[in-house]
Amino acid sequence: MNANHPVKKPLTIGLISNPHSRRNRSQLAAVQAIVANHPNIHHHITQNADEIPDALEDFAQQDVDVLAVNGGDGTIAQVFSELIEHCPFARLPSVILLPGGTTNMNVGDVGLRGKLIKAVRRLANWAEQGSDHVERLTRPILRVEGAVDGRIACGMFFGTGTIIRGIEYYHRKVGKMGIIDELGPGVVTLRTIWGIARKQPDYSAPTPIRIEIDSVADAQTRQVVLLLVSSLERLFLGFRPYWGVENAPLHCTWVQRPTRHVFRAFNSVLHGRPNRHAGPENGYFSHNGREIRLWIDGAFAVDGEIYHASTRYGPVTISNGGELEFIRIGR
């Protein structure tokens with residue numbers, strides 16, 4: 001062996017798979033077959049969230065270089081919560097997100113898009129041979145506290161108001177129709193916009209919320225139709241519904257009553273390019289912040305999982321829990 005040309009050591013990867021996520025129900029055996037031929041990939045199949053801490057502790061002891069997650073947005077959020085809140089690694093690993101879930105919104109921004117099996121093959125080949133087609137992206141992780149049950153949630157997308165009704169509609173109607181990937185949330189978005197424009201109570205009824213961004217006092221209680229906070233730069237279907245000018249990592253957009261010119265405004269809102277109809281005078285707002293506090297009585301969601309809040313317990317606080325590096329491997 002030439003000492004001047006040492007053999008490159010293969011990366012060590014820890015892979016967590018949720019067998020209950022949409023694609024893994026039918027494709028997990030194929031995933032296992034691929035990684036079984038790569039001894040540098042340590043694979044844990046976690047049957048529930050309680051098994052994630054042990055899997056991460058095991059990966060930390062094996063000095064894995066990269067953590068890969070094969071599951072839906074809910075599984076990814078559970079992994080993030082463990083990484084951010086309990087810090088099993090001496091140094092946070094880089095993360096690869098695989099499209100193992102139903103909608104895969106986080107994957108769409110920072111993960112390996114496309115078919116699950118092809119993504120796993122790209123991961124395995126990169127782990128062993130390396131690749132010039134690698135993109136490294138950094139995103140802050142939302143840390144959300146203030147739920148009635150005391151749980152702290154970490155993720156990349158927070159929503160409340162009619163977003164909760166949209167999630168319920170997805171599970172009640174769209175998911176049962178077999179509509180998956182980005183098309184599912186797209187259908188829900190269209191249904192929600194129609195409901196707001198037509199003033200249908202299930203979609204247009206407001207939630208009273210007091211909003212404080214970076215300790216800027218705002219005593220008014222706003223009649224909020226929908227509100228989202230995200231660290232993603234791209235949502236499903238390429239939507240980017242924020243246009244705040246502040247130099248801060250968390251994007252916060254909300255729509256409040258009275259809401260005017262819905263059909264004329266929403267295409268611009270969804271793409272972050274507000275037109276003359278999509279301004280505060282018509283009920284559309286967007287700001288960036290480092291900490292967002294919401295006084296709310298009702299439900300909110302973090303990466304699709306629903307929590308409950310009450311002003312009796314104080315505000316829901318959304319902050320930057322820390323940054324993670326994501327690795328996207330080219331085709």
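What you see is a predicted model, and the numbers here were worked out from it, not measured in a lab.
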With sequence neighbours left out, what residues match Asn288 under side chain to side chain donor-acceptor pair (under 3.5 Å)?
His251
So, for Ile45 and Glu51, which heavy atoms are closest and what is the spacing to 0.1 Å?
O-OE1, 3.7 Å
Grouping I, L, V, M, F, W and Y whenever their side-chain heavy atoms are under 4.5 Å apart, do Ile306 and Leu142 come out in a common cluster?
no
Do Asp214 side-chain atoms and Glu291 backbone N/O form a donor-acceptor pair below 3.5 Å?
yes
Answer yes or no: are there more than 12 heavy-atom neighbours, outside Arg234 itself, under 6.0 Å from its atom CZ?
yes
Does a sphere of radius 6.0 Å around CG in Asp149 hold more than 12 heavy atoms from other residues, nucleotides or ligands, not counting ones at 6.0 Å or beyond?
yes
Quick one: salt bridge (charged side-chain N to carboxylate O under 4.0 Å, His left out) partners of Glu325, sequence neighbours excluded?
Arg136
Assess the residue pair Ile296 and Thr207 against the criterion (side chain to side chain contact (heavy atoms under 4.5 Å, CB included)); give the C-alpha distance rounded to whole Å, side-chain angles, the decisive distance to 0.1 Å, and a yes or no.
CA-CA 8 Å; Ile296 177 174; Thr207 301; 4.1 Å; yes
Taken in chain and number order and not counting sequence neighbours, the residues that satisfy side chain to side chain donor-acceptor pair (under 3.5 Å) with Glu85 are Arg143
Quick one: does Ser286's side chain have a donor or acceptor within less than 3.5 Å of a partner on Thr253's backbone?
no
Would you say that Leu56 contacts Leu83 through its side chain, given a criterion of any heavy-atom pair below 4.5 Å between the two side chains?
yes
Spatial distance of atom CE (Met105) from atom CG (Leu237) [nearest 0.5 Å]
11.0 Å
Main-chain N/O of Thr311 paired to Asp297 side chain as donor or acceptor, under 3.5 Å:
yes
pair Pro99-Lys115: side-chain heavy atoms closer than 4.5 Å
no
Arg240 side-chain N/O to His271 backbone N/O, donor-acceptor pair under 3.5 Å:
no
Which pair of non-hydrogen atoms, one from His44 and one from Phe59, has the smallest distance, and what is that distance?
CD2-CE2, 3.3 Å
Please work out which of the three classes, parallel, tilted or perpendicular, describes the rings of Trp194 and Phe263, given edges at 30° and 60°.
tilted
Start with the C-alpha gap between Ser268 and His277, add the side-chain angles, then the distance that decides, and say whether side-chain hydrogen bond (donor to acceptor under 3.5 Å, both in side chains) holds.
CA-CA 9 Å; Ser268 294; His277 301 292; over 6 Å; no
Considering only heavy atoms from C-beta outward, does the side chain of Arg23 approach that of Asn104 to under 4.5 Å?
yes
Spatial distance of atom CG (Leu92) from atom OG (Ser94) [nearest 0.5 Å]
9.5 Å
Asn40 side chain vs Leu11 backbone, donor-acceptor pair below 3.5 Å:
yes
Quick one: closest heavy-atom pair of Pro93 and Leu67, and the distance?
CG-CB, 4.0 Å
Walk me through whether His43 and Gln32 qualify under side-chain hydrogen bond (donor to acceptor under 3.5 Å, both in side chains).
CA-CA 8 Å; His43 190 197; Gln32 289 178 282; 5.2 Å; no
Can you tell me how far CG of Asn18 sits from CZ of Arg25, rounded to the nearest 0.5 angstrom?
9.0 Å
Within one Ile-Leu-Val-Met-Phe-Trp-Tyr cluster: Leu232 and Leu250, side-chain cutoff 4.5 Å:
no
Distance from Ile163 atom CD1 to Thr189 atom OG1, nearest 0.5 Å?
9.0 Å
For residues Phe158 and Tyr307, determine if any side-chain heavy atom of one lies less than 4.5 Å from a side-chain heavy atom of the other.
no
So CD1 of Ile329 and CD1 of Ile96: to nearest 0.5 Å the spacing works out to 4.0 Å
Sorted by chain and number, sequence neighbours left out, side chain to side chain donor-acceptor pair (under 3.5 Å) with Arg222 holds for Asp218, Gln256
For Asn275 and Arg264, indicate whether the former's side chain and the latter's backbone hold a donor-acceptor pair under 3.5 Å.
yes
Verify same cluster id: Ile84, Ile318 (apolar side-chain graph, 4.5 Å):
no
So Trp295 and Glu212, do their side chains get closer than 4.5 Å, heavy atoms only?
yes
Could you walk me through whether His42 and Asp58 pass side-chain hydrogen bond (donor to acceptor under 3.5 Å, both in side chains), step by step?
CA-CA 9 Å; His42 304 284; Asp58 185 50; over 6 Å; no
Do side-chain atoms of Ser81 reach the backbone of Ala153 as a donor and acceptor pair under 3.5 angstrom?
no
Identify which one of Leu226, Val224, Leu228 satisfies the side chain to side chain contact (heavy atoms under 4.5 Å, CB included) criterion when paired with Val255.
Leu226
Verify side chain to side chain contact (heavy atoms under 4.5 Å, CB included) between Arg165 and Arg191, making sure each step is shown before the conclusion.
CA-CA 10 Å; Arg165 266 86 76 189; Arg191 178 66 184 89; over 6 Å; no
Minimum heavy-atom distance Gly71-Ile76, with the two atoms named
O-CD1, 4.3 Å
Given the rule that I, L, V, M, F, W and Y join up when any side-chain heavy atoms are under 4.5 Å apart, are Trp243 and Val262 in one cluster?
yes
Please report the closest heavy-atom contact between Val316 and Gly146, naming both atoms and the distance.
CG2-O, 4.1 Å
With rounding to the nearest 0.5 angstrom, report the CG to CZ distance, Asn320 to Arg139.
12.5 Å
Asp303 side chain vs Met156 backbone, donor-acceptor pair below 3.5 Å
yes
Step by step, work out the side chain to side chain contact (heavy atoms under 4.5 Å, CB included) result for Leu235 and Tyr242.
CA-CA 11 Å; Leu235 303 187; Tyr242 7 85; 3.7 Å; yes
Once side chain to side chain donor-acceptor pair (under 3.5 Å) is applied, do any residues pair with Asn24, and if so which ones, sequence neighbours excluded?
Ser21, Asn70
Ala299 backbone acceptor or donor facing Thr160 side chain under 3.5 Å
yes
Can you check side chain to side chain contact (heavy atoms under 4.5 Å, CB included) on Ile196 and Phe266, steps first, answer last?
CA-CA 11 Å; Ile196 294 172; Phe266 252 93; 4.3 Å; yes
Counting only N and O atoms by type, is there a donor-acceptor contact under 3.5 Å from the side chain of Arg22 to the main-chain atoms of Gly101?
no
Grab the two heavy atoms, one from Ala68 and one from Leu123, that are nearest each other, plus how far apart they are.
CB-CD2, 4.1 Å
Taken in chain and number order and not counting sequence neighbours, the residues that satisfy ring-ring contact (aromatic ring centres under 6.0 Å, His included) with His287 are Trp254
Is there a side-chain contact between Arg293 and Arg210 (heavy atoms, below 4.5 Å)?
no
Same hydrophobic cluster for Val302 and Tyr313, using side-chain heavy-atom links shorter than 4.5 Å among ILVMFWY?
no
Is the shortest side-chain heavy-atom distance between Ser204 and Thr259 below 4.5 Å?
no
Side-chain contact, heavy-atom cut-off 4.5 Å: Arg328 with Arg113?
yes
